[in-house]
S.K.: 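Sending over a structure as structure tokens; questions will come in a sec.
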Amino acid sequence: MGSLWDDLESLVDAPSSFSAKSGERGTIKPKANFNAEQDAAALKKALEGLGTNEKIVIEILTTRSSAQRQLICKAYEKATSRTLVKDLKGDTSGNFEDLLVALVTPPAEYDCHEVMRAMKGAGTKDKVLIEIFASRSNQQIKDLSDIYFKETKKQLTAALESEVSGDYSKALLLLALGKRDESTTVDVNKAREDAKTLYNAGEKKWGTDESKFIEILCKKSIPHLRQTVIEYKNISGKTLQQSIEGEMSGDLENLLVAVVKCVKSVPGYFAELLHESMKGAGTDESTLNRIMVSRSEIDLLDIRAEFKKLYKHSLLSAIQSDLSGDQCECVKAICGGDD
């Protein structure tokens, strides 16, 4: 997929979704004239008795902001003495159930639970950890870490350290600290210096000094790294992604490539992940659900545009051809349009 990312220069001035505020480029906006009690009553009616009115449930939960959905949850519990999550789980199943539960879970709590699921049981779902820690802002990482500590009484970094190892562990733990430099000014000379450091640590030498890649890519600011990526191409003749792919392997390669992709374009990164989740036989529903819900109030409009640019068809058409039933209707509602 490297060829999709080679046009680095055109991305230097692109807005980064690391700094996107909730609601700016999302498909789901707060509903005007919102009434939590009315919505809670409508959901109660839709979930009670024999059969569930899925259409009403989807319509309400995909046209209210996450903050509004939390108010609905409180109103629902007050009216029924049950949680909305419990009733959704009792009345729906499978991927549709997972999607609805994701919608009524606060974003940081949802991220935290996805990380916990990725670390649960034998083996670690590194793909999920890479997606979350490569793409989230410092504040998002701090928020999910706080919830992790609240729910487990353990530090997230300590839990991760017990699950992963080697240079991949060093890189992931740096990202999980949520302490990436947040300065917005770019010193071109310093970016060039870092590009030279990366070139000397990889392409130019026999063997690779992974520590230099980890230090720069996991700590420096996004605007600085965006310039560093361009300077690297000028020095090396290769893209930084191509060099990482040629010099490294396994989870470390996957993590650092994800970081570089997010530096260049967070929406482009997620467009590619959505495409991967739906191509070939079978669908990776958990990845699809996670991206659609977690980006729905941040940059899903931009992800839709990048998807169309990269794959020459709309995200909505891909969803319609790959999914079916209530999950399809719900994902389509979150997607919100055909570009």
S.K.: Can you find a pair of side-chain heavy atoms, one from V266 and one from I298, that are under 4.5 Å apart?
M.R.: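 When only atoms from C-beta onward are counted, I298 and V266 do not touch, as no gap falls below 4.5 Å.
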
S.K.: Evaluate the criterion side chain to side chain contact (heavy atoms under 4.5 Å, CB included) for residue pair L177 and K219; output intermediate values, then yes/no.
M.R.: CA-CA 10 Å; L177 288 172; K219 291 177 80 172; over 6 Å; no

S.K.: Name the one of R290, K125, K261 that satisfies salt bridge (charged side-chain N to carboxylate O under 4.0 Å, His left out) with E131?
M.R.: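 For E131, the salt bridge (charged side-chain N to carboxylate O under 4.0 Å, His left out) test succeeds with only one of R290, K125, K261, which is R290.
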
S.K.: Please find the pair of heavy atoms, one from L160 and one from M119, that lie closest to each other, and give the distance.
M.R.: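 Closest heavy-atom pair between L160 and M119: CD2-SD, 3.6 Å.
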
S.K.: Looking at R136 and D111, does any basic side-chain N land under 4.0 Å from a carboxylate oxygen?
M.R.: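 Result for this pair is yes, salt bridge flagged.
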
S.K.: Are I147 and V85 connected in the hydrophobic side-chain network, where two residues link if heavy atoms are under 4.5 Å apart?
M.R.: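 In one cluster: no.
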
S.K.: Should P107 and S294 count as side-chain neighbours, where that means a heavy-atom distance under 4.5 Å?
M.R.: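 The answer is no, as the side chains (C-beta and beyond) never meet within the 4.5 Å cut-off.
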
S.K.: Are D284 and K127 close enough for a salt bridge, meaning some N to O gap below 4.0 Å?
M.R.: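 Between K127 and D284 there is a salt bridge, with a charged N closer than 4.0 Å to a carboxylate O.
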
S.K.: Does the side chain of V115 come within less than 4.5 Å of I132's, by heavy atoms?
M.R.: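 Side chain of I132 against side chain of V115, heavy atoms only: contact under 4.5 Å found.
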
S.K.: Would I141 end up clustered with F149 when hydrophobic side chains under 4.5 Å apart are linked, directly or stepwise?
M.R.: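 No, I141 does not connect to F149 through the hydrophobic network.
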
S.K.: In this structure, would V263 and V186 fall into the same cluster of hydrophobic residues linked by side-chain contacts under 4.5 Å?
M.R.: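 V263 and V186: separate clusters.
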
S.K.: Quick one: pull up CD in E210 and NZ in K170 and give me the separation to the nearest 0.5 Å.
M.R.: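 If I round to the nearest 0.5 Å, the distance is 8.5 Å.
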
S.K.: Assess whether a salt bridge exists between R82 and E77, defined as any Lys/Arg side-chain N lying under 4.0 Å from an Asp/Glu carboxylate O.
M.R.: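 A salt bridge is absent here (no side-chain N lies under 4.0 Å from a carboxylate O).
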
S.K.: Ignoring hydrogens and angles, state whether a donor on the side chain of N254 or Y168 is under 3.5 Å from an acceptor on the partner side chain.
M.R.: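 Checked: N254/Y168 side chains show no N/O donor-acceptor pair below 3.5 Å.
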
S.K.: Work out which heavy atom in G268 is nearest to a heavy atom in L310; give both atom names and the distance.
M.R.: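 Closest approach of G268 to L310, heavy atoms only: O-CD1, 4.2 Å.
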
S.K.: K264 pairs by side-chain contact (heavy atoms from CB on, under 4.5 Å) with which of L225, V229, L240, I222?
M.R.: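 Going through the options one by one, the only one that passes is V229.
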
S.K.: Looking at S321 and A318, would you say the former's side chain and the latter's main chain have a donor-acceptor pair under 3.5 Å?
M.R.: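 Looks like yes, one N/O pair under 3.5 Å.
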
S.K.: So which heavy atom on S145 is nearest to which on L156, and how close?
M.R.: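 In this case the closest contact between S145 and L156 is OG-CD2, 3.5 Å.
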
S.K.: Has the side chain of E306 got a donor or acceptor atom that lies under 3.5 Å from a matching backbone atom of Y269?
M.R.: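 No.
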
S.K.: Please report the interatomic distance SG(C112) to CG(D143), rounded to the nearest 0.5 Å.
M.R.: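 If we round to the nearest 0.5 Å, C112:SG and D143:CG are 11.0 Å apart.
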
S.K.: On a heavy-atom basis, which atom in I72 and which in A36 lie closest, and how many Å separate them?
M.R.: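 Taking I72 first and A36 second, the nearest heavy atoms are N-CB, 4.1 Å.
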
S.K.: Please confirm whether the backbone N or O of T239 pairs with a side-chain atom of Q242, one donor and one acceptor, at under 3.5 Å?
M.R.: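 Yes, because the side chain of Q242 sits within donor-acceptor range (under 3.5 Å) of the backbone of T239.
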
S.K.: Check whether any side-chain N or O of N35 sits under 3.5 Å from a backbone N or O of Q38 as a donor-acceptor pair, and report yes or no.
M.R.: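 Yes: the side chain of N35 pairs with the backbone of Q38.
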
S.K.: To the nearest 0.5 Å, what is the distance between CG (L217) and CZ (R180)?
M.R.: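 With rounding to 0.5 Å, CG (L217) is 7.5 Å from CZ (R180).
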
S.K.: Just by modelled atom types, is the K154 backbone N or O under 3.5 Å from a matching donor or acceptor in the T152 side chain?
M.R.: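 Flag set: sc T152 to bb K154 pair under 3.5 Å.
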
S.K.: If you round to the nearest 0.5 Å, how far is CG of L99 from CG of N95?
M.R.: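 Answer rounded to 0.5 Å: 8.5 Å.
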
S.K.: List the steps and the verdict of salt bridge (Lys or Arg N to Asp or Glu O under 4.0 Å) for K220 and D181.
M.R.: CA-CA 5 Å; K220 298 295 178 80; D181 180 10; over 6 Å; no

S.K.: Step by step, would you call N138 with K179 a side chain to side chain contact (heavy atoms under 4.5 Å, CB included)?
M.R.: CA-CA 6 Å; N138 283 349; K179 291 183 178 178; 5.5 Å; no

S.K.: Going through the distances and angles, do D39 and R64 end up as a salt bridge (Lys or Arg N to Asp or Glu O under 4.0 Å)?
M.R.: CA-CA 10 Å; D39 284 346; R64 304 330 185 239; 2.8 Å; yes

S.K.: Are side-chain heavy atoms of S314 and F307 found at a separation under 4.5 Å?
M.R.: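 No, side chains not in contact.
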
S.K.: Look at atom NZ of K44 and say whether more than 12 heavy atoms of other residues, nucleotides or ligands are closer to it than 6.0 Å.
M.R.: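 No, because the 6.0 Å sphere around NZ of K44 holds 12 heavy atoms or fewer from other groups.
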
S.K.: Assess, by modelled atom type and distance only, whether the side chains of H224 and D194 contain a donor and an acceptor separated by less than 3.5 Å.
M.R.: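 Yes, D194 and H224 have a side-chain donor paired with an acceptor closer than 3.5 Å.
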
S.K.: With a 4.0 Å cut-off on N to O distance, would you call E59 and K55 a salt bridge?
M.R.: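 Salt bridge flag = no for K55 with E59.
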
S.K.: Quiz question: by atom type and distance under 3.5 Å, do the side chains of D87 and Y76 form a donor-acceptor pair?
M.R.: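 A pair is found: one side chain offers a donor N or O, the other an acceptor, under 3.5 Å apart.
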
S.K.: Would you call K89 and E97 a salt bridge, taking side-chain N to carboxylate O under 4.0 Å as the test?
M.R.: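 Salt bridge: no.
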
S.K.: Compare all side-chain heavy atoms of Y311 with those of E272 and state whether any distance is below 4.5 angstrom.
M.R.: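 The answer is yes; the side chains approach within 4.5 Å.
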
S.K.: Return the minimal non-hydrogen interatomic distance between C218 and L256, and the atom names on each side.
M.R.: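 That would be SG-CD2, 4.2 Å.
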
S.K.: Is there side-chain contact between L88 and L84, with at least one heavy-atom pair below 4.5 Å?
M.R.: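 Yes; the side chains approach each other to less than 4.5 Å.
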
S.K.: Hey, mind stepping through L103 and T62 against side chain to side chain contact (heavy atoms under 4.5 Å, CB included) and telling me if it holds?
M.R.: CA-CA 8 Å; L103 282 167; T62 62; 4.1 Å; yes

S.K.: Which residues satisfy the side-chain hydrogen bond (donor to acceptor under 3.5 Å, both in side chains) test with D251, sequence neighbours excluded?
M.R.: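 Listed in chain order: nothing, the list is empty.
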
S.K.: Whether the side chain of S317 engages the backbone of H313 through a donor-acceptor N/O pair (distance < 3.5 Å, no angle test) should be reported.
M.R.: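 A pair under 3.5 Å: no.
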
S.K.: Might you work through the salt bridge (Lys or Arg N to Asp or Glu O under 4.0 Å) test for E193 and K190, ending with a clear yes or no?
M.R.: CA-CA 5 Å; E193 281 175 27; K190 286 184 179 175; over 6 Å; no

S.K.: Below 4.0 angstrom, N of the basic side chain to O of the carboxylate: do K45 and E48 qualify?
M.R.: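 Not counted as a salt bridge, because no side-chain N and carboxylate O are separated by less than 4.0 Å.
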
S.K.: Sub-3.5 Å donor-acceptor pair from the side chain of Q70 to the main-chain atoms of V104, do we have one?
M.R.: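 Yes, the answer is positive, given that a donor and an acceptor are paired below the 3.5 Å cut-off.
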
S.K.: Check for a donor-acceptor pair, side chain of R304 on one end and backbone N or O of C335 on the other, with a separation under 3.5 Å.
M.R.: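 Between the backbone of C335 and the side chain of R304 there is a qualifying donor-acceptor contact (under 3.5 Å).
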
S.K.: Side chain of T27, backbone of I334: donor and acceptor closer than 3.5 Å?
M.R.: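 It does hold such a pair.
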
S.K.: If Ile, Leu, Val, Met, Phe, Trp and Tyr residues are connected whenever their side-chain heavy atoms lie under 4.5 Å apart, and connections chain through other members, are L144 and L174 in the same group?
M.R.: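 In one cluster with L144: L174, yes.
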
S.K.: Tell me the closest heavy-atom pair linking Q327 and F96, and the distance in Å.
M.R.: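 So the minimum-distance heavy-atom pair works out to N-CD1, 3.9 Å.
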
S.K.: Side chains of V331 and E285, heavy atoms from C-beta outward: is any pair under 4.5 Å?
M.R.: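 Side-chain contact under 4.5 Å: no.
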
S.K.: From I291 CD1 over to L274 CG, what is the distance, rounded to the nearest 0.5 angstrom?
M.R.: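 The CG atom of L274 is 4.0 Å from CD1 of I291, to the nearest 0.5 Å.
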
S.K.: I'd like to know if R117 pairs up with E114 as an ion pair, taking the criterion as any Lys NZ or Arg NE/NH1/NH2 lying under 4.0 Å from an Asp or Glu carboxylate oxygen.
M.R.: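 Salt bridge present between R117 and E114.
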
S.K.: Can E215 and K212 be counted as an ion pair, charged N to O under 4.0 angstrom?
M.R.: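 No.
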
S.K.: Step by step, work out the side chain to side chain contact (heavy atoms under 4.5 Å, CB included) result for K332 and L316.
M.R.: CA-CA 6 Å; K332 278 164 53 183; L316 186 65; 3.6 Å; yes

S.K.: Show the numbers, then the answer: is there a salt bridge (Lys or Arg N to Asp or Glu O under 4.0 Å) between R69 and E297?
M.R.: CA-CA 13 Å; R69 293 194 293 265; E297 290 182 67; 3.7 Å; yes

S.K.: Hey, does L172 have a side-chain heavy atom less than 4.5 Å from the side chain of L252?
M.R.: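 No, too far: nothing below the 4.5 Å cut-off.
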
S.K.: Roughly how far, to the nearest 0.5 Å, is OG1 of T197 from CZ of F213?
M.R.: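 F213 CZ to T197 OG1: 10.0 Å, rounded to 0.5 Å.
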
